[in-house]
Number of protein chains: 2
Amino acid sequence: MTGAGTPTFGDRLNDAFGRFGRLSVGIDPHPYLLSAWGLSDDAAGLREFGLRVVEASAGQAGIVKPQVAFFERHGSRGYAALEEVIAAARAAGLLVIADAKRGDVGTSVEAYGETWLRPGSPLEADAVTLVAYQGVGSLDAPIRLAREHGKGVFVLAATSNPEGRDIQRAFVDTHAASAAEDSNGTSDGGAPRRVARAIVDDIVASNAAAGETKLGSVGVVIGATLRLAEFQLDFRPSPVLPVLAPGFGHQGAAVSQSADIFGPMSPGVIVAQSRSVLDAGPTGIAAAIKNQAKDVRSNIA
Amino acid sequence: MTGAGTPTFGDRLNDAFGRFGRLSVGIDPHPYLLSAWGLSDDAAGLREFGLRVVEASAGQAGIVKPQVAFFERHGSRGYAALEEVIAAARAAGLLVIADAKRGDVGTSVEAYGETWLRPGSPLEADAVTLVAYQGVGSLDAPIRLAREHGKGVFVLAATSNPEGRDIQRAFVDTHAASAAEDSNGTSDGGAPRRVARAIVDDIVASNAAAGETKLGSVGVVIGATLRLAEFQLDFRPSPVLPVLAPGFGHQGAAVSQSADIFGPMSPGVIVAQSRSVLDAGPTGIAAAIKNQAKDVRSNIA
């Protein structure tokens with residue numbers, strides 16, 4: 001709890017961890033899944049799909065993560081469905097992470113923050129995923145808004161897809177530049193940092209500066225299929241960093257390997273599962289979520 | 001024109017350059033602008049604002065660029081307004097670049113492509129801005145869809161905001177790695193590339209591989225307030241690369257300096273103006289756009 005009595009997102013996430021464990025259920029109404037569920041590829045299908053996943057998740061998992069792209073694909077009607085699905089999830093006590101991967105600067109990124117995090121906004125969620133290609137500093141407005149209202153943000157750091165390696169492992173040359181300017185020619189600024197690590201460092205610093213001591217309210221996205229050392233991410237952040245981790249299940253990482261994969265980052269890991277539960281279909285989804293949540297709880301304390 | 005008779009986006013853009021010049025008019029209904037225009041901060045205000053800018057642009061400029069964040073801020077109703085504004089702009093013969101800065105992988109990024117570029121989609125535009133934090137390769141699906149339907153894509157390369165420098169100027173270590181593996185120890189792979197340059201190289205290669213010879217259908221976003229050499233972007237791409245360039249006017253770059261700023265990239269520059277015309281208000285907007293378009297034409301051939 002903050003002094004003002006509003007729980008931070010980190011507090012709320014920690015509470016969800018304690019009650020339900022680390023599972024986040026994806027709400028990914030891809031056309032093939034709509035078809036497999038016997039639903040139409042339109043706003044009514046999106047709505048029905050989303051509400052069924054919410055119903056099956058309530059009381060079993062603490063978190064749901066709608067993939068915004070599949071709703072946006074149907075324009076304003078798709079968004080009307082998303083508004084209903086998010087509202088139903090929040091009413092059921094689920095934390096909603098809108099997987100929107102938004103990013104921009106100035107008043108535009110501020111508008112994205114207001115879209116997903118401002119209380120009373122039609123698309124109000126509990127947290128949103130953001131992209132920092134324009135720098136973590138470009139995300140100041142939504143991060144500030146999040147902290148003000150007990151909301152959360154997850155910034156992409158290292159993603160599972162192979163095409164992302166070059167950029168995410170690129171070397172930020174701040175240290176090299178300062179070393180070059182150093183009169184004695186030594187690199188006392190430490191080794192050059194990779195982009196993913198530089199982003200994570202900025203976010204950990206933001207949580208610390210906000211006075212968070214337990215679980216931060218701003219987290220990162222790191223794929224579970226990666227070797228964290230290759231991104232300089234094998235370290236222990238303080239305060240504990242929420243790590244939204246896709247890549248379990250369908251994409252190959254085993255939940256039982258979570259501690260090995262994430263090492264010192266393990267205390268903040270959120271296991272994001274989508275297809276591995278959604279493939280169970282409308283009749284099997286409730287049991288699939290229940291089993292997955294149990295599996296995640298038994299593997300991750 | 002492609003062999004099949006569908007003009008490429010590059011062809012259509014080139015045609016717009018020839019008829020109206022390089023001006024792109026921003027449709028940025030920020031709350032303060034809505035208020036200055038005497039409009040309400042709701043979907044009706046967004047719609048009215050957008051339609052007035054479209055009306056003032058038609059016949060004067062070739063391109064409009066709605067900033068999606070300001071519409072998304074009002075959820076599904078905001079998107080319904082955006083659908084109307086985009087449709088009105090396209091009906092008036094304007095090319096619409098949806099400034100959405102979307103990015104993701106797999107079926108999610110494919111869904112974003114379908115949202116903004118698929119013919120018949122509620123939000124169908126002519127081009128969309130995308131972000132490549134997950135690699136240019138992660139954007140294959142929307143780029144393929146764009147080429148298939150004569151649509152365009154603009155990928156963020158180097159942006160004007162100072163917070164973006166570290167990531168956009170970071171060094172991709174592909175070359176360094178291959179040099180290290182080189183038995184004679186020389187770095188014959190050339191100098192390490194910066195992230196922004198690596199992204200631009202990939203896009204230029206994509207346009208060349210698609211057989212484009214004049215103006216490519218996939219372009220980039222580069223801020224007009226930057227020194228291009230600092231991002232290794234002072235080179236001549238072939239085919240000509242569309243460069244969506246914010247930063248003129250309100251942000252400080254002079255249109256008369258465009259050739260100095262963009263050097264060998266000048267032939268593809270699109271001058272993105274927003275506040276400098278929108279600040280003219282509902283009574284002054286038509287004259288402001290007319291004057292800006294004229295100024296851009298007289299300065300950029």
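Chain A is the first sequence line, chain B the second, and so forth, proteins listed ahead of strands; every chain is numbered from 1.
- Using a 4.5 Å cut-off between heavy atoms, A:Asn161 touches chain B through its side chain atoms alone.
- Contact tally against chain A (heavy-atom pairs below 4.5 Å) for B:Gly106, B:Ser76, B:Ala80, B:Gly113: the top residue is B:Ser76.
- If you measure heavy-atom distances from B:Ile199 to chain A, the contacts under 4.5 Å come from the side chain alone.
- Under the side-chain contact (heavy atoms from CB on, under 4.5 Å) test applied with B:Ser108, the options A:His30, A:Lys101, A:Gln67 reduce to a single match, A:Gln67.
- Interface remark: of the candidates A:Thr129, A:Asp104, A:Asp99, A:Leu82, A:Asp104 forms the most heavy-atom pairs closer than 4.5 Å to chain B.
- B:Arg77 CZ: 12 or fewer foreign heavy atoms inside a 6.0 Å radius.
- Taking all atoms of both residues into account, the shortest heavy-atom contact from B:Glu72 to A:Arg102 is OE1-NH2, 2.8 Å.
- If you measure heavy-atom distances from B:Leu156 to chain A, the contacts under 4.5 Å come from both the backbone and the side chain.
- The neighbour count for A:Arg118 CZ, taken as heavy atoms of other residues, nucleotides or ligands under 6.0 Å away, is above 12.
- When each of A:Pro31, A:Ala69, A:Gly135 is scored by its heavy-atom pairs under 4.5 Å with chain B, the top score falls to A:Ala69.
- Proximity of A:Glu163 to B:Asp140: side-chain heavy atoms (C-beta onward) are nowhere separated by under 4.5 Å.
- Residue B:Val109 does not touch chain A at all, counting heavy-atom pairs closer than 4.5 Å.
- Looking at heavy atoms from C-beta onward, B:Thr107 lies in side-chain contact with A:Arg275 at the 4.5 angstrom threshold.
- The CG atom of B:Leu123 sits 12.5 Å away from the CZ atom of A:Arg73 when rounded to the nearest 0.5 Å.
- Of the atoms belonging to A:Ser121, it is side-chain heavy atoms, and not backbone ones, that fall under 4.5 Å from chain B.
- If you measure heavy-atom distances from A:Arg194 to chain B, the contacts under 4.5 Å come from the side chain alone.
- Of the atoms belonging to B:Arg165, not a single heavy atom falls under 4.5 Å from chain A.
- The minimum heavy-atom distance linking B:Tyr133 with A:Val131 is given by the pair CB-CG1, 3.6 Å.
- In terms of heavy-atom pairs under 4.5 Å with chain A, the best-connected choice from B:Thr115, B:Thr159, B:Asp28, B:Val195 is B:Thr115.
- Contact detail for B:Phe70 and A:Ala111: the closest heavy-atom pair is CD2-CB, 3.8 Å.
- If you tally non-hydrogen atom pairs under 4.5 Å between each of A:Tyr79, A:Phe171, A:Trp116 and chain B, the highest count goes to A:Tyr79.
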